[in-house]
Trainee: 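Following this message is one structure expressed as structure tokens.
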Amino acid sequence: MKFEKIQAPKGVREYLPPESQSFEWVREQLISPAKAAGYQLMELPVFEDTNLFTRGVGESTDVVSKEMYTFEDRGGRSITLRPEGTAGVMRAVIESNLDRGQLPVKVWYSGQFFRAERPQAGRYRQFYQVGIEAIGIDDPALDAEVIAIADRGFKNLGLKNYRLEITSLGDAQSRAAHRVDLLKFISGLQLDEATVSRAAINPLRLFDDKRPEMQEAMAKAPILLDYLSPASAQNFAAVQSYLKEMGIAFTINPRMVRGLDYYTGTTFEFIHPDLGAQSGIGGGGRYDGLMETLGGQALSGIGFGLGVDRALLAAIAESTVPSQEFTSDLFIIPLGDESKGQALTIASSLRASGIRTEIAFGDRALKGAMKAADKSGARYVIVLGESELRDGSVELKRMSDGVTSSVKIAQLQDELQRALAL
RNA sequence: GUGGGCGUAGCUCAGCUGGUAGAGCACUCGGUUGUGGUCCGAGAUGUCGCGGGUUCGAGCCCCGUCGUUCACCCCA
């Protein structure tokens, strides 16, 4: 009887051994700077009330209007798999009153997110992000720190070929003033229907159009940075000077457009040129109205999300992924059923003292088991057979050069710890 | 949602203008008794994505379908 194979759903990216080690490494490198800066872990659900995203992220965004995994649960509630991280953090902060204590609230998260898009290089329907949020303080120094933490994550990966782009979306007045002029400008252009409707949703998006003729047309469009209120301009200048003081390289991209509606003030993106069409490896910004929109206090926040999948692709492109193959310290080959019990016992106690120990299972010939030991990359091997059980000592074989030494089983732990310390 | 490329052993692929499948790597066993990496020998594995059509005959041609991949859109 043969059953049909079941495949993974379209667009999911899985990380299997040995590649999973690289993935794990990337994730840790990206988030460790946040831990070092006093941000604390927040573990959140991957599904939320759909309203959280329609209200928080914005109904006009592509993410919400056509990329959400939304379904009805058994109680008839509309549930959505989270397409981004910030809204969920805000919901949890408000719900648990974390914003009633010491500010800023500083948290980090890590996990998978979901968007129902056509898969493509670096774009998956389930993808991984790490992110942080700092909520409750509006201070350009905090903006600079958040950017610096993300930048440090990429530096931890050994990446050199990425760039940081920043801009400011200003405050509400700045944006309103700019919008009037931008719409006026756009109305003077000859646009196709699709583009007109995009402009109606968010005129800023036209800056992001990849078609050369559109780029050219938009080259003369009024730029938001020129409309910043004095306070916004001063704030943005401060962020820049802090970044310079920290030695973080950046370029100002006044045409930067982010996909989520809640951003205000400082916004930024990290871009890696070697990844194909999906070149953004991370991004974030400040969001002034989000918390209030979600029923909380009128507090400002700033945060980022970094794409773990794409960061890994970038690290592969720059060949910075360490070849840290998994290796155990000792490989035990039991010969015969008698020895298996002892192998299990020895392995168990060695592991308890931190020695990574594997056992050869099954009843393979010694040659085959040695081959398995070799493949595993284990540094030492012992064979447990009749004679070893009889006189309580084993030949400890160093795989790098084949040299063996006789060791009492009782001394094995000490001997290994001495040998491995080298 | 739209468009292009590709779907042959576990993996990477070859298969000439159609004549009923191959390589390398990996894997298993062996090269005389319980010791890996090199070498030598042997072996297993494919409904050539699926369905239909053209043909005496299709992995190769045509149509459909599914999957995958890249790009548009959008974004991490």
Side-chain angles (χ1 to χ4, degrees), chain A residues 2 4-13 26-27 30 57 60-67 82-86 110-131 150 153-154 194-195 197-198 201-202 205 208-211 214 256-260 269-272 275-284 304-314 331-336 339 360 362 364-388 394-404:
Chain A
K2 189 160 184 189
E4 211 173 307
K5 287 180 187 170
I6 296 173
Q7 296 182 295
K10 190 187 195 69
V12 303
R13 177 75 166 88
V26 168
R27 184 158 54 181
L30 287 178
V57 176
S60 71
T61 61
D62 278 32
V63 168
V64 168
S65 63
K66 55 185 207 196
E67 296 171 2
R82 61 184 181 183
E84 61 93 53
T86 303
S110 165
Q112 46 276 81
F113 297 85
F114 309 85
R115 289 182 199 171
E117 304 173 272
R118 268 303 254 284
Q120 187 180 330
R123 188 174 77 184
Y124 309 111
R125 292 185 166 184
Q126 171 177 288
F127 56 98
Y128 294 82
Q129 279 190 8
V130 299
F154 293 126
T195 309
S197 60
R198 286 180 69 204
I201 292 167
N202 182 351
R205 296 221 189 283
D208 213 21
D209 200 309
K210 285 182 185 173
R211 290 172 296 181
M214 276 304 295
M256 188 169 85
V257 183
R258 306 239 64 224
L260 311 179
E269 262 175 21
F270 290 86
I271 293 160
H272 200 287
L275 301 188
Q278 310 304 323
S279 57
I281 53 175
F304 64 63
L306 311 181
V308 183
D309 312 273
R310 289 185 189 176
L312 174 57
L313 290 174
F331 201 97
I332 302 177
I333 301 175
L335 296 177
S339 329
R364 311 176 64 183
L366 180 57
K367 180 171 177 171
M370 279 303 294
K371 223 171 169 179
D374 187 46
K375 287 273 159 52
S376 82
R379 295 170 65 187
Y380 289 87
V381 170
I382 61 172
V383 175
L384 272 185
E386 279 178 41
S387 62
E388 286 81 4
V394 294
E395 290 297 314
L396 182 63
K397 178 166 186 171
R398 184 165 59 202
M399 293 300 273
S400 57
D401 56 11
V403 171
T404 65

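The figures here come from the full heavy-atom set of this structure, side chains too, leaving out hydrogens, waters and symmetry mates. Every chain is numbered from 1 and lettered A, B, ... according to where its sequence line falls, protein lines coming before strand lines.
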Trainee: Rounding to an integer number of angstrom, what distance separates C40(B) and U12(B) when you compare their P atoms?
Mentor: 26 Å

Trainee: Can you name the closest pair of heavy atoms from Ala360(A) and Pro334(A) and give their distance?
Mentor: O-CD, 3.5 Å

Trainee: Could you give the CD-to-P distance, from Glu269(A) to A76(B), as a whole number of Å?
Mentor: 7 Å

Trainee: Compare every heavy atom of Ala150(A) with every heavy atom of Leu306(A), then report the nearest pair and how far apart it is.
Mentor: CD2-CB, 4.0 Å

Trainee: Provide the distance between the two P atoms, one in U33(B) and one in G15(B), to the nearest whole Å.
Mentor: 45 Å

Trainee: Please determine whether any donor N or O and acceptor N or O are separated by less than 3.5 Å between the side chain of Arg205(A) and the base of C73(B).
Mentor: no

Trainee: Could you tell me how far apart Phe154(A) (CZ) and A76(B) (P) are, to the nearest whole angstrom?
Mentor: 12 Å

Trainee: Taking the C1' atom in each of U54(B) and C70(B), what is the distance between them to the nearest angstrom?
Mentor: 32 Å

Trainee: Arg115(A) near the nucleic acid: base, sugar-phosphate alone, or nothing, with a heavy-atom cut-off under 4.0 Å?
Mentor: base

Trainee: Specify the closest pair of heavy atoms between Ala277(A) and Gln120(A), including all atoms of both residues, with the distance to one decimal.
Mentor: CB-NE2, 3.4 Å

Trainee: Would you say the base of A76(B) stacks on Phe113(A) (centre-to-centre below 5.5 Å, plane angle below 30°)?
Mentor: no

Trainee: Any chance you could measure Gln126(A), atom CD, to Arg115(A), atom CZ, to the nearest 0.5 Å?
Mentor: 13.0 Å

Trainee: What does nucleotides 28-44 of chain B look like as a protein-contact string, B for base, S for sugar-phosphate only, - for none, at under 4.0 angstrom between heavy atoms?
Mentor: SS-B--BBBB-------

Trainee: Please give me the minimum heavy-atom distance between Gly305(A) and Gln129(A), naming the atom from each residue.
Mentor: CA-OE1, 3.8 Å

Trainee: Among residues at least two apart in sequence or on other chains, which ones pass salt bridge (Lys or Arg N to Asp or Glu O under 4.0 Å) with Glu117(A)?
Mentor: Arg123(A)

Trainee: Would you measure the distance from the P atom in C72(B) across to the matching atom in A14(B) and give it in whole Å?
Mentor: 27 Å

Trainee: When the P atoms of G31(B) and G36(B) are compared, how many Å lie between them, rounded to an integer?
Mentor: 12 Å

Trainee: Quote, to the nearest angstrom, the C1' distance that separates C73(B) from U65(B).
Mentor: 25 Å

Trainee: Got Phe154(A) and Leu30(A) here, is their nearest side-chain heavy-atom distance under 4.5 Å?
Mentor: yes

Trainee: Can you check the distance between C29(B) and G34(B), where both ends of the measurement are the P atom (answer in whole Å)?
Mentor: 14 Å

Trainee: Is there side-chain contact between Arg27(A) and Ser110(A), with heavy atoms separated by less than 4.5 Å?
Mentor: yes

Trainee: Roughly how many Å is it from OH in Tyr128(A) to C1' in A76(B), rounded to a whole number?
Mentor: 14 Å

Trainee: Name all residues meeting the salt bridge (Lys or Arg N to Asp or Glu O under 4.0 Å) criterion together with Glu388(A); count only those two or more places apart in sequence or in a different chain, and write none if there are none.
Mentor: none

Trainee: Any stems for RNA chain B, made of 3 or more Watson-Crick or G-U pairs in a row, each with both distances under 3.5 Å?
Mentor: B:1-7 with B:66-72, B:10-13 with B:22-25, B:27-31 with B:39-43, B:49-53 with B:61-65

Trainee: Using the C1' atom as the point on both nucleotides, what is the distance between C61(B) and U17(B), in whole Å?
Mentor: 12 Å

Trainee: Around Glu386(A), counting heavy atoms of other residues, nucleotides and ligands shown, do more than 12 lie under 6.0 Å from its CD?
Mentor: no

Trainee: Taking side chain as C-beta onward, heavy atoms only, is Lys10(A) less than 4.5 Å from Arg125(A)?
Mentor: yes

Trainee: Using a 4.0 Å heavy-atom cut-off, write out nucleotides 64-71 of chain B from 5' to 3' as B (base contacted by protein), S (sugar-phosphate only) or - (no contact).
Mentor: ---SS-SB

Trainee: For Lys66(A) and U2(B), what is the distance between atoms NZ and P respectively, to the nearest whole Å?
Mentor: 12 Å

Trainee: Is there a donor on the side chain of Glu117(A) or the base of A76(B) sitting less than 3.5 Å from an acceptor on the other?
Mentor: yes

Trainee: Using salt bridge (Lys or Arg N to Asp or Glu O under 4.0 Å) as the criterion, list what pairs up with Lys66(A), not counting sequence neighbours.
Mentor: Asp62(A)

